[in-house]
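Structure record follows, encoded as structure tokens.
Start at 1 and go down the list; that is how both ligands and their atoms are numbered. These numbers come from the heavy atoms of this one structure, side chains and all, not from hydrogens, waters or symmetry mates.
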Amino acid sequence: MPRAWSLKARPQGMPKHTDFAIVESASQPLGDGEVRIANSWLSVDPYMRGRMNDVKSYVPPFALGEAMQGGAVGEVVESNVPDMPVGTKVLHMLGWRDEAVLPAAQVQKLPDLGADDQAFLGQLGMPGMTAYFGLLEVAGAKAGDTVFVSAAAGAVGSTVVQIAKAKGMTVIGSAGGAEKCDWVKSLGADAVVDYKAGSAAKGLMAAAPNGIDVYFDNVGGEHLDAALLAANMHARFAICGMIDIYNDGQAQELRYLAKVIGARLRIQGFIVSDFMDRAAEFYADMGKMMAAGQLQRQETVHEGLDAMPDAFMGLFTGGNTGKMLVKV
Ligand code: NDP
């Protein structure tokens, strides 16, 4: 019988195993225009934590007791749609489960970029688009800029580092621990701040003696404050995520916020879906960078559907280098 993870209780603070439960349901017959997909790779993403709270946001909350959703890659195993025959490799949003039945209109064939299937959940998928458009469009980063990016060893952050280098920028990344920092350096970062070894502000001021022009924020909190401190005149901040507060909801005081005024900073939040209609542009440019050998990627893989909660919770304790995935 198909199995799916549901939310049993809304997490208070850091999620725990008892907040999740597996539900089994009889295999659904296919309706008109529908396909059945055997999922092979499932994504866990920090934004899912927001969907576990019963609050109004840009995506509706997960309903208690019902299968959760998220990015998934799999193969069509039954089809009522001539254009999407059995064997087609696809991407869709009915993750957190081993089998999905949904209208083919809600399913995307994997682009033909010669990459591994699971790359379309990471660097060549939603996190990659977030990095690409957040850096180049929201922050307006350009050659010659000095860019600071937090959570630089994660899916989005590691892609920001590499796009920025490919486009002629100086890049400073921050990550937790020496091993992750070494990896970020190996991606081409000019300097790396280990925020677990000392304060982000001290580390950034030492790494960027001439200040920063762009901050790509994945973390919020002390990283955002450090970026305000180091910001040059007219610096641009793309506020992508604030994982530091996803579990406790408590934003810390920003000591250097008033810098926004004198330095004429531009601070802009964004959601990747703002750029979905520009996917072709993203694939074309990323394809060129891949062909030029400018993109590397790493994945942290948990095995089996049962491992979904562990993989998800690991995002908040730094359990991943590169994209966090579950192989079904
Ligand atoms: P990552 O692969 O970066 O995984 C999360 C990483 O965040 C962890 O590995 C950990 O790395 C770091 N982290 C966790 N807690 C903290 C903390 N308290 N302080 C500092 N670092 C922490 O995830 P993604 O690449 O998928 O997402 C990165 C960010 O981008 C998230 O904030 C996410 O919500 C956001 N996002 C926003 C989108 C949008 O449309 N705006 C779309 C996609 C993602 P370390 O070991 O280095 O601490």
Side-chain angles (χ1 to χ4, degrees), residues 13-15 42-52 57-59 70-71 95 121-135 137-139 148-163 173-185 187 189 192-197 199-201 203-204 215-227 237-252 268-276 282 297-302 311-325:
M14 182 73 180
L42 301 172
S43 182
V44 289
D45 299 270
Y47 79 86
M48 292 168 173
R49 178 64 185 84
R51 294 196 71 182
M52 293 174 187
S57 181
Y58 63 97
V59 271
L121 293 173
Q123 194 174 75
L124 297 176
M126 184 279 282
M129 281 188 78
T130 305
Y132 185 86
F133 290 111
L135 180 70
E137 291 292 323
V138 181
F148 174 47
V149 52
S150 49
V156 174
S158 62
T159 308
V160 169
V161 168
Q162 297 176 82
I163 295 171
S174 89
E179 211 172 304
K180 286 193 180 190
C181 288
D182 286 347
W183 183 59
V184 174
K185 204 85 201 286
L187 298 177
V192 190
V193 174
D194 180 354
Y195 77 93
K196 288 188 176 165
S199 90
L204 180 58
Y215 175 46
F216 192 108
D217 193 13
N218 287 316
V219 167
E222 68 155 336
H223 281 87
L224 178 54
D225 218 19
F237 286 30
I239 307 295
C240 171
M242 292 194 179
I243 197 166
D244 190 39
I245 61 165
Y246 289 175
N247 285 313
D248 67 12
Q250 301 288 321
Q252 78 165 50
Q268 170 90 54
F270 72 102
I271 299 293
V272 62
S273 52
D274 301 345
F275 297 96
M276 279 306 164
F282 163 75
R297 99 195 133 70
Q298 213 181 103
E299 285 140 8
T300 299
V301 178
H302 287 248
F312 174 68
M313 291 186 285
L315 293 169
F316 301 97
T317 53
N320 60 308
T321 300
K323 174 66 188 154
M324 185 74 106
L325 289 170

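- A donor-acceptor contact shorter than 3.5 Å links the side chain of K180 to the backbone of N320.
- Side chain of N218 to backbone of S150: a donor-acceptor contact under 3.5 angstrom is found.
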Check the pair V149, V156 against side-chain contact (heavy atoms from CB on, under 4.5 Å), reporting the backbone distance first and the verdict last. CA-CA 10 Å; V149 52; V156 174; over 6 Å; no

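- Taking any N or O of Y195, backbone or side chain, at least one lies under 3.5 Å from an N or O belonging to ligand 1.
- At under 3.5 Å, not a single nitrogen or oxygen of P46, backbone or side chain, sits near a nitrogen or oxygen of ligand 1.
- Below 30°, between 30° and 60°, or above 60°: for F133 and F275 the angle between ring planes is below 30°, a parallel geometry.
- Residue contact check: A175 has heavy atoms under 4.0 Å from atoms 47 (O) of ligand 1.
- Residue contacts with ligand 1, taken as heavy atom pairs separated by less than 4.0 Å, do not involve K323 at all.
- Between L224 and M242, the closest side-chain pair of non-hydrogen atoms falls below 4.5 Å.
- Although no hydrogens or angles enter the test, the distance criterion places a donor-acceptor pair under 3.5 Å between the side chain of D194 and the main chain of G177.
- Formation of a donor-acceptor pair under 3.5 Å by the D45 side chain with backbone atoms of Y47 is not found in this model.
- Under a 4.0 Å criterion applied to the non-hydrogen atoms of G241, ligand 1 contributes the atoms 32 (O), 35 (C).
- A heavy-atom distance below 4.5 Å is not found between the side chains of Y132 and T159.
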Candidate pair R297 and K323, rule side-chain contact (heavy atoms from CB on, under 4.5 Å), full reasoning: CA-CA 8 Å; R297 99 195 133 70; K323 174 66 188 154; over 6 Å; no

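- Of the protein's non-hydrogen atoms, the one nearest atom 9 (O) of ligand 1 is N320 OD1, 2.5 Å.
- Residue nearest to atom 38 (C) of ligand 1, selected from V149, T130, L121, T317: T130 (by heavy-atom distance).
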Q) Please walk me through it: do T317 and M14 pass side-chain contact (heavy atoms from CB on, under 4.5 Å)? A) CA-CA 10 Å; T317 53; M14 182 73 180; 3.8 Å; yes

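- Ligand 1 places these atoms under 4.0 Å from at least one heavy atom of A155: 1 (P), 2 (O), 3 (O), 25 (O).
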**Stepwise side-chain contact (heavy atoms from CB on, under 4.5 Å) test for H223 and S174** = CA-CA 9 Å; H223 281 87; S174 89; 2.8 Å; yes

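- Scanning all protein heavy atoms for the shortest distance to atom 3 (O) of ligand 1 gives G154 CA, 3.3 Å.
- Around CD of Q252, the count of heavy atoms belonging to other residues, nucleotides or ligands within 6.0 Å exceeds 12.
- The N/O atoms of V219, backbone and side chain alike, include none that comes under 3.5 Å of an N/O atom in ligand 1.
- At the shortest separation from atom 47 (O) of ligand 1 among protein heavy atoms lies G176 N, 2.9 Å.
- For a threshold of 3.5 Å applied to N or O pairs, the pair formed by N218 and ligand 1 contains at least one separation below that value.
- Near M242, the atoms of ligand 1 lying under 4.0 angstrom from a non-hydrogen atom of the residue are 32 (O).
- Shown in contact with G322 at under 4.0 Å from a heavy atom are these atoms of ligand 1, numbered in order with element: 2 (O).
- Checking V44, L315, I239, T321 against atom 6 (C) of ligand 1, the nearest heavy atom belongs to L315.
- When only interatomic distances are considered, the shortest N/O to N/O separation between K180 and ligand 1 falls below 3.5 Å.
- Of the protein's non-hydrogen atoms, G318 CA, 3.7 Å is the one closest to atom 10 (C) of ligand 1.
- Looking at G157 next to ligand 1, no N or O pair under 3.5 Å apart turns up.
- By the 4.5 Å heavy-atom criterion applied to side chains, F270 and T130 are counted as neighbours.
- Residue, atom and distance of the protein heavy atom nearest to atom 13 (N) of ligand 1 are I243 CG2, 3.7 Å.
- Of the N or O atoms in F270, one or more lie within a sub-3.5 Å distance of an N or O in ligand 1.
- The nearest heavy-atom contact from the protein to atom 18 (N) of ligand 1 is D244 OD1, 3.0 Å.
- In M126, the part holding a heavy atom less than 4.0 Å from any atom of ligand 1 is the side chain.
- Remark: ligand 1 and V272 share an N or O pair separated by less than 3.5 Å (distance only, no angle test).
- Distances between N or O atoms of Y246 and those of ligand 1 include at least one value under 3.5 Å.
- Remark: D274 CG to M129 CE distance equals 10.0 Å, nearest 0.5 Å.
- At the top of the distance list for atom 44 (C) of ligand 1, counting protein heavy atoms only, stands V156 CG2, 3.9 Å.
- Between M324 and the options T300, V301, L121, a side chain to side chain contact (heavy atoms under 4.5 Å, CB included) holds for only T300.
- Residue C240 has at least one nitrogen or oxygen atom sitting less than 3.5 Å from a nitrogen or oxygen atom of ligand 1, judged on distance alone.
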